[in-house]
Protein chains: 2
Amino acid sequence: MTTTMPAGEQHATRGRALQGERTRAAILRVAVDLASIEGLEGLTIGRLSTELAMSKSGLFAHFGSKEELQLATIEAARAIFIEEVVQPALEASERGLPRIWELCERWTEYAQRGVFKGGCFFAAASSEFDGRPGPVRDRIAGIMLEWLAALERGVREAQDSGHLDPKADAKQVAFEFNALVMAGNWAFQLYGDLKAFTRAREAIRDRLRSIATTGAPPMAALGISRRKSSSEKIARASAGE
Amino acid sequence: MTTTMPAGEQHATRGRALQGERTRAAILRVAVDLASIEGLEGLTIGRLSTELAMSKSGLFAHFGSKEELQLATIEAARAIFIEEVVQPALEASERGLPRIWELCERWTEYAQRGVFKGGCFFAAASSEFDGRPGPVRDRIAGIMLEWLAALERGVREAQDSGHLDPKADAKQVAFEFNALVMAGNWAFQLYGDLKAFTRAREAIRDRLRSIATTGAPPMAALGISRRKSSSEKIARASAGE
DNA sequence: GTCTTTGTAGCACGAACGTTCGTATTGCAC
DNA sequence: GTGCAATACGAACGTTCGTGCTACAAAGAC
């Protein structure tokens, strides 16, 4: 019980000075999943150390306080979110209508694929901490603002590219798209209903159509191309679960 | 400290047998507010008893377990929700487009007015418990389903009344409306931004317009009549806070 | 070879958690 | 007036929480 992971074994060849970083990363990888299920407050040090088969104090030493652990977990989740949603969306699409669509599409995939075990980390965290002032809440709010700004920018760029009606309120559209994808995640988590994502996509497509110009790329092409390249990822994720 | 509420005083004329019910109701009134802020798990018996200036054991005896307290709190919140949103909406509007609009409008008001101190009780609870199987989660999911069904029914009735396009997917529209009002609540809780409710209303109005028939009552009239009768309630609520 | 730094474990703390138990007080029935 | 059921309290249970402090093993510097 004292040592399930013998100390001398796993860093025989690697330099000792790097072990800390690696352990920290390993902790945070588990922490983000745990927090997405149990919440950032339900993410306890005892539970986390049990999950990782290490001592409470050993784990604790990496962060110094629970709040620091929470903040580190948030940063780790943000990195994963960017890597899984924002970056691929930007790389896979050109500016304009394709990009704003791609952002929403990648988001629903990210939620559907279960990148975090308990659904979108930030949807959960922002609901949990909205009433608790402090640095944790501030950071979460800041990151959600980044996401909303990314959506808004996507809309604005599509307007500049002549794909969307320039008279449309970009902030308003971003609000609506975020509402729809978050609701997809919400319904999926609560009811396990995959159709929720289809509903979100459908609503977003309709809304885009309602403000698309005649010069915009045809709507139908967007969804179809995306579906194909994503099917393998979904299969991979559901196999791992 | 032991008794801020002297036991012999308030039931001098009332029957003693009713005291239990009254205390229970008083507990639950505080519990729903506390749970809307701290979450249903963060709603601790110790904290609740402190808030009510009564003993932990005395409070505990009313429920028998924490889970029973949570379930009772949920029922209390449901009663308030129906009383504050569903019933007034049904009474103040006739079947059809006015009613579905009224349901959404009453919901945003309910969130904006702060009927629960931490925002919509069920938005918070459903996000918190979506990953924790058990009777608490099941009840929350059931109540949210009631609400979604009420929205869907509102849309369907508006179709039957010839106000909305009968080809529209009522479930889809209900999903979208719920997404928008919940996002309004979310943004308001996280950023304190009252404009979020305006955005939600705006999006719902637009969506209704997009599927409204020529025989539907004029859209503009709906919003205006509502605003007037609600202003007093908002004033009353903000004074109490 | 020692010395220092780094990472982990062991142990203990005070507080809060949900829960149980015994007991005191009260109102009502008899 | 006596007995009963309802209601609430205070104390304590065992557990877990976050957080310290000390010790020790391993790697790199000299």
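A, B, ... follow the sequence lines: proteins, then strands. Residue 1 opens every chain.
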Item to check | Per-nucleotide protein contact string for nucleotides 12-19 of chain C, where B marks a base within reach and S marks sugar-phosphate only (heavy atoms under 4.0 Å, - for neither) | outcome: -----BBB
Measure from [atom1] on [X] to [atom2] on [N] and round the result to the nearest Å.
X        : N       : atom1 : atom2 : answer
Met54(B) : dT7(D)  : CE    : C1'   : 9 Å
Glu21(B) : dA8(D)  : CD    : P     : 11 Å
Phe63(A) : dG20(D) : CZ    : C1'   : 18 Å
Leu48(A) : dG18(D) : CG    : P     : 10 Å
Leu52(A) : dG7(C)  : CG    : C1'   : 15 Å
Ile27(B) : dT7(D)  : CD1   : P     : 11 Å

Next on the checklist: Taking 4.0 Å as the cut-off, does a side-chain nitrogen or oxygen of His62(A) come that near to OP1 or OP2 on dT6(C)?
Outcome noted: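 No, no such contact exists.
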Item to check | Listed once per pair and sorted, the salt bridge (charged side-chain N to carboxylate O under 4.0 Å, His left out) pairs that draw on residues 68-77 of chain A, sequence neighbours left out | outcome: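 Pairs touching residues 68-77 of chain A that pass the test: Glu75(A)-Arg139(A).
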Checklist entry - Should we count NZ of Lys195(B) as having more than 12 external heavy atoms under 6.0 Å? => result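 Counting neighbours around NZ of Lys195(B), 12 or fewer heavy atoms of other residues, nucleotides or ligands fall under 6.0 Å, so no.
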Item to check | Main-chain N/O of Ser93(B) paired to Arg99(B) side chain as donor or acceptor, under 3.5 Å | outcome: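 Yes, because the side chain of Arg99(B) sits within donor-acceptor range (under 3.5 Å) of the backbone of Ser93(B).
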Item to check | Main-chain N/O of Glu38(B) paired to Arg132(A) side chain as donor or acceptor, under 3.5 Å | outcome: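 Looks like yes, one N/O pair under 3.5 Å.
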Next on the checklist: For Val115(B) versus Asp33(B), what's the shortest heavy-atom pair and its separation?
Outcome noted: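 Distance-wise, the nearest heavy atoms are O-OD1, 3.9 Å.
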Checklist entry - Do the ring centers of Phe81(A) and Phe121(A) come within less than 6.0 Å of each other? => result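 No: the rings miss the under 6.0 Å criterion.
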